[in-house]
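This report concerns only the one structure given below.
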There are 2 protein chains.
Amino acid sequence: MSASPAPGVVEVCGALADDTRWQVLQLVGTEALSASELAERLPVSRQAIARHLGVLAAAGLVEPERAGKQLRYRAIGARLSLLAQQLDAIGRGWDARLERLKAIAEAEAGTAR
Amino acid sequence: MSASPAPGVVEVCGALADDTRWQVLQLVGTEALSASELAERLPVSRQAIARHLGVLAAAGLVEPERAGKQLRYRAIGARLSLLAQQLDAIGRGWDARLERLKAIAEAEAGTAR
DNA sequence: CCGATCTGCAACTGATATGTTGCATCAAGG
DNA sequence: CCTTGATGCAACATATCAGTTGCAGATCGG
């Protein structure tokens, strides 16, 4: 019914709106890492990393996997691709509306003359 | 050199990380509107709308066009589609790396046996 | 059982973003 | 010239977020 921008888009974009989280994603996109391991590679505390991982997991961009004592996270590319698909559809909708308006304007000019 | 997520992505995602800005985009994606006109349709003040339009314009998601005394904005779908393309490429990269790791693991198992 | 290590929860601080109100400015029309 | 309506700038209050430190709990190795 609603022409709203689909549920979850705002949340996922918010998760992607932080520089530190992109650094986390870049590392986790290469290999599964725990919060402690990420804290060793990034200039922030382990707890800050854990919070970022929580945000990313809530957005579906990462998923945890147990590895004995520690909890490693890996990036979910499909979630990012899904967002990309949604955004592209919205963007095409805007431009399509513009094209249609232009076409109507030209048609009006044609019939009026 | 860097495998960084391309310049501007974080900024554009930040612009898309607010609910009010999505409402603005939805309206401006249908027809070009000024800050005052948007303020009439949304439950926030004109100045707040103007700030949001500034953020969206800085991200390239909207563009102003003069209409006599007032300044109307229209949504730029191409900018959103460009972001979508960048995000999809990154997402596919993550999954591709995963697939490659799985393939290597299987090959290792094969040669080792 | 005990020490070491990794994870989880809570409180606190500083920065940033959203939204407001008020005032200044500038163009169009009578 | 003066009024009207629109934009632009600035100060302010509030809320949320990123980051820190401190401590408690859980889990593996000896």
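Below, each value reflects all heavy atoms present in this structure, side chains not excepted, and no hydrogens, waters or symmetry copies. To find a chain, count down the sequence lines: A is the first, B the second, and so on, and within it residues start at 1.
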Is there a side-chain contact between B:Ser81 and A:Asp88 in this structure, where contact means two heavy atoms from C-beta onward sitting under 4.5 Å apart? yes
*Heavy-atom distance under 4.5 Å between the side chains of A:Leu83 and A:Gln86, does that happen here?*
yes
In whole Å, what is the span from the [atom1] atom of [X] to the [atom2] atom of [N]?
X	N	atom1	atom2	answer
A:Asp19	C:dT16	CG	P	14 Å
A:Glu65	C:dC6	CD	C1'	16 Å
B:Arg51	D:dA13	CZ	P	16 Å
A:Asp18	D:dT16	CG	C1'	13 Å
B:Leu42	C:dT20	CG	C1'	16 Å
B:Leu38	C:dG19	CG	P	13 Å
A:Leu33	C:dT7	CG	C1'	16 Å

Looking only at non-hydrogen atoms, find the nearest pair between [X] and [Y] and report the distance.
X	Y	answer
A:Val62	A:Leu53	CG2-O, 3.9 Å
B:Ala32	B:Arg72	O-CD, 3.3 Å
A:Gly29	B:Trp94	CA-CD1, 3.7 Å

In residues 13-21 of chain B, what donor-acceptor pairs under 3.5 Å come from side-chain atoms, sequence neighbours left out?
residue, atom, partner, partner atom, Å
B:Asp18, OD2, B:Thr20, N, 2.9
B:Asp18, OD2, B:Arg21, N, 3.1
B:Arg21, NE, B:Ala15, O, 2.7
B:Arg21, NH1, B:His52, ND1, 3.1
B:Arg21, NH2, B:Gly14, O, 3.3

**Report entry** Under-4.0 Å side-chain N/O to phosphate OP1/OP2 contact, B:Ser45 with C:dT20
**Finding:** yes
Contacts of A:Glu63 meeting side chain to side chain contact (heavy atoms under 4.5 Å, CB included) (sequence neighbours excluded), chain-then-number -> A:Arg74, A:Ile76
Sorted by chain and number, sequence neighbours left out, side chain to side chain contact (heavy atoms under 4.5 Å, CB included) with B:Arg41 holds for B:Leu27, B:Glu31, B:Leu33, B:Glu37
Practice prompt. Determine yes or no for a side-chain-to-main-chain donor-acceptor pair under 3.5 angstrom, with A:Asp95 supplying the side chain and B:Gly77 the backbone.
Written response: yes
Given protein heavy atoms under 4.0 Å, the one-letter contact record of nucleotides 4-10 of chain D, with B base, S sugar-phosphate only and - none, is simply --SBBB-
The correct set of residues in residues 52-62 of chain A placing a heavy atom under 4.0 Å from DNA chain C is none
